Amino acid sequence: MILPRNFYTRDDVVLIARELLGKTLYSSINGILTSGLITETEAYAGVTDRASHAFNGRRTSRTEVMFMAGGTAYVYLCYGVHSLFNVVTSFEGTPNAVLIRSVKPMEGLEAMKCRNGKTSMGLREGTGPGKVSKILGIHYSHSGWPLVHEKGRPSGDGLWIEDVGIVPDPALIIAGPRIGVDYAGDDALLPYRFRISL
DNA sequence: CGGCCGATCCACT
DNA sequence: GTGGATCGGCCGA
């Protein structure tokens with residue numbers, strides 16, 4: 001089942017980050033279908049979170065996508081090299097988002113191998129936000145694409161997330177501080193990172 | 001308009 | 001464990 005709009009349009013971005021564990025992220029890019037099971041996420045709590053691009057209501061052409069309704073893709077370029085994929089959550093005007101940090105490669109393994117130049121496709125290949133976008137073929141030009149598709153999987157290219165009936169054992173979910181946000185002061189310590197222990 | 005820096009990754013030691 | 005790649009976004013002048 002493709003996650004519906006009302007999964008995303010809730011205010012508790014930290015809860016949504018936790019609930020995205022075990023869901024499957026799909027991409028159809030240039031007609032190629034690939035997917036990965038989400039195993040690690042980070043919540044970015046909009047205007048009150050120093051680590052967020054939209055902290056203090058900062059609104060620019062890049063962050064404008066974060067202010068759209070929940071269920072939209074926010075993808076940006078990091079270090080001039082990597083596209084990082086985020087899920088916009090909450091309601092229009094509230095710029096919350098969840099960064100997908102790791103996936104377990106599922107469908108389209110051959111295409112993924114081709115995209116990252118590897119000869120095998122194991123858990124390692126989907127670990128790290130830059131690598132998630134790399135293997136799924138997601139690019140920062142895809143920022144603003146919808147994740148909600150009312151009429152089933154899109155016929156052309158698109159991005160979406162499906163509930164495949166996997167509910168991680170709460171005891172196996174590890175919460176901790178986010179990665180690479182030292183600049184965020186006290187907010188860098190918030191336990192907004194979630195991952196499924198292996 | 002110039003300069004700094006980043007929600008990272010990989011090769012190399 | 002560490003440093004370089006690499007370039008758009010953001011800020012200050």
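Note that the coordinates shown come from a computational prediction; the quantities given were computed from them, not determined experimentally. Convention: sequence-line order gives letters A, B, ...; per-chain numbering from 1.
- Of the side-chain N and O atoms in A:Arg193, none sit less than 4.0 angstrom from OP1 or OP2 of B:dA7.
- In this structure, A:Leu84 atom CG and C:dC7 atom P are separated by 16 Å, rounded to whole Å.
- Comparing C:dG8, B:dC10, B:dT8 against the side chain of A:Lys131 picks out B:dC10 as the nearest.
- At B:dA7, none of the side-chain N or O atoms of A:Arg101 fall inside 4.0 Å of OP1 or OP2 (strictly under the cut-off).
- Of the candidates B:dG6, B:dA7, C:dC10, the closest approach to any side-chain atom of A:Tyr79 belongs to B:dG6.
- Distances were taken from every side-chain heavy atom of A:Leu77 (C-beta onward) to each of B:dC9, C:dG9, C:dC7; the shortest belongs to C:dC7.
- Using a 4.0 Å cut-off between a side-chain N of Lys or Arg and a carboxylate O of Asp or Glu, A:Asp12 and A:Arg18 do not qualify as a salt bridge.
- Nearest to the side-chain atoms of A:Val81 among the listed nucleotides C:dG9, C:dA5, B:dA7 stands C:dA5.
- The residue A:Arg62 sits close only to the backbone: its heavy atoms come under 4.0 Å of sugar-phosphate atoms, none of a base.
- Ion pairing of A:Arg195 with A:Glu40 is absent here, as no side-chain N (NZ or NE/NH1/NH2) approaches a carboxylate O to less than 4.0 Å.
- A salt bridge links A:Glu162 to A:Arg153: one of the charged nitrogens lies within less than 4.0 Å of a carboxylate oxygen.
- In this structure, A:Ile179 atom CD1 and B:dC9 atom C1' are separated by 14 Å, rounded to whole Å.
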